[in-house]
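Notes follow the structure.
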Amino acid sequence: MKAMNLTIRDIARMAGVSPATVSKIMNNYDGISEATRQKVYKIIEDTKYQPTFSAKSLATKKSNLIGLIYAGKINVDFKHPFFNEVMNTFKKAVGALGYDLLLFSNEKFYQGESKYLERCRHFHVDGCLIVAGDEIEAAVHEIAKSDIPCIGIDLKLEGPKSSYIMTDNAKIGMKVVENFYLNKVKKVAYIGGKQDSLISGIRNKGFMDAMKQFGLPLNEKWIHYGDFFEESGYHAMKKILQDDERPEAVFAASDMMALGALKAMKEHGIKVPEDIQLIGCDDIESCRYSDPPLTTVKQDKQKLGKLAAYMLDDLIQGNEEIYPVKVDPELVIRSSSIER
């Protein structure tokens, strides 16, 4: 009989014991005689038997699988450079902890509705990482309220075994506006994210509050909203430039929108930072290679990824006292802004 076709029942039959005894031996349970243990080990070694994934997960009640969900009707998927960097760090960290990742589509499962909880139970995942998008499905909050450990990134999750992690988005606008104020820049335009998005809303409010705190005027003609991607920043900047008066600086709530704004300014013959200064947010890789290199508010992607991995592992291991974490942002000065 070929080893690849062997089952636990076959090993049990060869050893003259029950399948339950073989399972207990394979998973180091006590209460089995040393003679029986060695007999089963010898058969497993001789046949080169490898238990199937399902057999191991059923025996140990642990699959070492983490479900990965890009949540929302409109989600970041694989193409967003910020989340890609966070996820690469998360993947390495959970891999070192002994887990594999299972990516869930948010399309329909079989012929029914998208039910993440059903799928998680189907695949016996140990926990889930949920990455925020827009128009979050009710199924996401259903799984967060279940007994499956969950960590959200940029998504507030509430449940007995759920927590979340995000950058302290309220501080982002403060760091940018404070920098402008210290450098005597008062006329500031703003390109924000979607107004109905949780993260966008926090960033938008943080910017507005900081402008008021420093007594800087808010010009409604210079405030426009995009979707965090480059094209929306390009079109928002075009609208800002339609005004007769031009701002001294622009703050875009994502680097991709800032790069779109930079393209629009170049098309209008505007020099950055000599004519208009520009600051983005996220510190994605391309910021270093834009022309000029982009000043930005850095979100610590490595810290976010590692914290998400360690927090989720702690929840899986039974530590339910894991509270939400906010990571401080950092202003990174490059050539698209001027320091006086």
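Taking all atoms of both residues into account, the shortest heavy-atom contact from S63 to D126 is N-OD1, 3.1 Å. When every heavy atom of M257 is checked against every heavy atom of G193, the shortest pair comes out as CE-N, 4.0 Å. Counting all heavy atoms, side chain and backbone alike, V272 lies closest to P292 at O-CG, 3.4 Å. Across all non-hydrogen atoms, the minimal contact from L216 to Y181 is CD2-CD1, 4.0 Å. Across every non-hydrogen atom of S232 and D227, the tightest pair is OG-OD1, 2.9 Å. In plain terms, the two heavy atoms of I284 and K301 that are nearest each other are N-NZ, 4.4 Å.
Note that the CD atom of Q38 and the CD atom of E45 stand 10.0 Å from one another [nearest 0.5 Å]. We find the CD1-SG distance between I191 and C281 to be 13.0 Å, quoted to the nearest 0.5 Å. Taking CD1 of I153 as the reference point, atom CG of L304 lies at 6.5 Å (rounded to 0.5 Å). Considering CD of E178 and CZ of F214, their distance stands at 5.0 Å, rounded to 0.5 Å. Taking NZ of K175 as the reference point, atom CG of D168 lies at 9.5 Å (rounded to 0.5 Å). Here R246 contributes atom CZ and M265 contributes atom CE; the two are 10.0 Å apart, rounded to the nearest 0.5 Å.
Listed for the H268 side chain is a donor-acceptor partner under 3.5 Å among the backbone atoms of A264. A donor-acceptor pair under 3.5 Å is absent between the side-chain atoms of Q277 and the main chain of S336, judged by distance alone. D275 places no side-chain N or O within donor-acceptor distance of the main-chain N or O of I270, the cut-off being under 3.5 Å. No side-chain donor-acceptor contact under 3.5 Å links S200 to the backbone of D196. D154 contributes no side-chain N or O that, together with a main-chain N or O of M166, makes up a donor-acceptor pair within less than 3.5 Å. Distance alone, capped at 3.5 Å, places no donor-acceptor pair between the T295 side chain and the I333 backbone. Looking at S163, its side chain does come within 3.5 Å of a backbone N or O of I322 through a donor-acceptor pair. At least one donor-acceptor pair closer than 3.5 Å links the side chain of R203 to the backbone N or O of A253. Looking at S162, its side chain never comes within 3.5 Å of a backbone N or O of L157 through a donor-acceptor pair. Distance alone, capped at 3.5 Å, places no donor-acceptor pair between the K298 side chain and the V332 backbone.
Salt-bridge formation is detected for the pair K221/D243: a Lys NZ or Arg NE/NH1/NH2 atom is positioned less than 4.0 Å from an Asp or Glu carboxylate oxygen. With salt bridges taken as basic N to acidic carboxylate O contacts below 4.0 Å, one links E285 and R288. With respect to R121 and D147, a salt bridge is recorded, a charged nitrogen being found less than 4.0 Å from a carboxylate O. The pair K263-D291 does not meet the salt-bridge criterion, since no charged nitrogen lies less than 4.0 angstrom from a carboxylate oxygen. Using a 4.0 Å cut-off between charged side-chain N and carboxylate O, K187 and E245 make a salt bridge.
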Can I get a per-line list of side-chain donor-acceptor pairs under 3.5 Å for residues 309-319, giving both atom names and the distance, sequence neighbours left out?
from, atom 1, to, atom 2, distance (Å)
D313, OD1, Y99, OH, 2.6
D313, OD1, Q317, NE2, 3.2
Q317, NE2, Y99, OH, 3.4
N319, OD1, E321, N, 3.0

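Donor-acceptor pairing under 3.5 Å is lacking for the side chains of N183 and R340. Side-chain contact, Y116 with E137: a donor N or O sits under 3.5 Å from an acceptor N or O. Residues S254 and D282 have side chains that never bring a donor and an acceptor to within less than 3.5 angstrom of each other. Residues N204 and Y190 have side chains that bring a donor and an acceptor to within less than 3.5 angstrom of each other. Between the side chains of D283 and T296, no donor-acceptor pair is found at a separation under 3.5 Å. Side-chain contact of T167 with Q299: a donor-acceptor pair under 3.5 Å is present, judged by distance alone.
Both L218 and I279 are part of a single hydrophobic cluster, where members link through side-chain heavy atoms under 4.5 Å apart. Note: the hydrophobic cluster containing F83 also contains V94 (ILVMFWY, side chain heavy atoms under 4.5 Å, direct or indirect links). Side-chain heavy atoms closer than 4.5 Å link hydrophobic residues (I, L, V, M, F, W, Y) into clusters, and following such links, possibly through other members, connects V140 to L102. Note on I276: it does not cluster hydrophobically with I223, by side-chain heavy-atom contacts below 4.5 Å among ILVMFWY residues. One hydrophobic cluster, built from ILVMFWY side chains closer than 4.5 Å, cannot hold both F228 and Y225; they sit in different ones.
The shortest distance between side-chain heavy atoms of C128 and I69 falls below 4.5 Å. Looking only at side-chain heavy atoms (C-beta outward), I66 and D100 stay at 4.5 Å or farther from each other. Using a 4.5 Å heavy-atom threshold, the side chains of I136 and H141 count as touching. Using a 4.5 Å heavy-atom cutoff, the side chains of C287 and P293 are not in contact. In this structure, the side chains of F104 and V125 come closer than 4.5 Å at one or more pairs of heavy atoms. Counting heavy atoms from C-beta on, the side chains of I165 and P324 never come closer than 4.5 Å.
Around NZ of K238, the count of heavy atoms belonging to other residues, nucleotides or ligands within 6.0 Å exceeds 12.
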(request) Would you sort out whether V176 and F207 count as a side chain to side chain contact (heavy atoms under 4.5 Å, CB included), showing the intermediate values? (result) CA-CA 8 Å; V176 171; F207 170 78; 5.7 Å; no
(request) Show your working on side-chain hydrogen bond (donor to acceptor under 3.5 Å, both in side chains) between E267 and Y234 and close with a plain yes or no. (result) CA-CA 10 Å; E267 288 181 0; Y234 173 83; 2.5 Å; yes
(request) Kindly indicate, with the supporting measurements, whether the criterion side chain to side chain contact (heavy atoms under 4.5 Å, CB included) is fulfilled by K115 and E142. (result) CA-CA 9 Å; K115 295 291 185 182; E142 179 187 21; 4.0 Å; yes
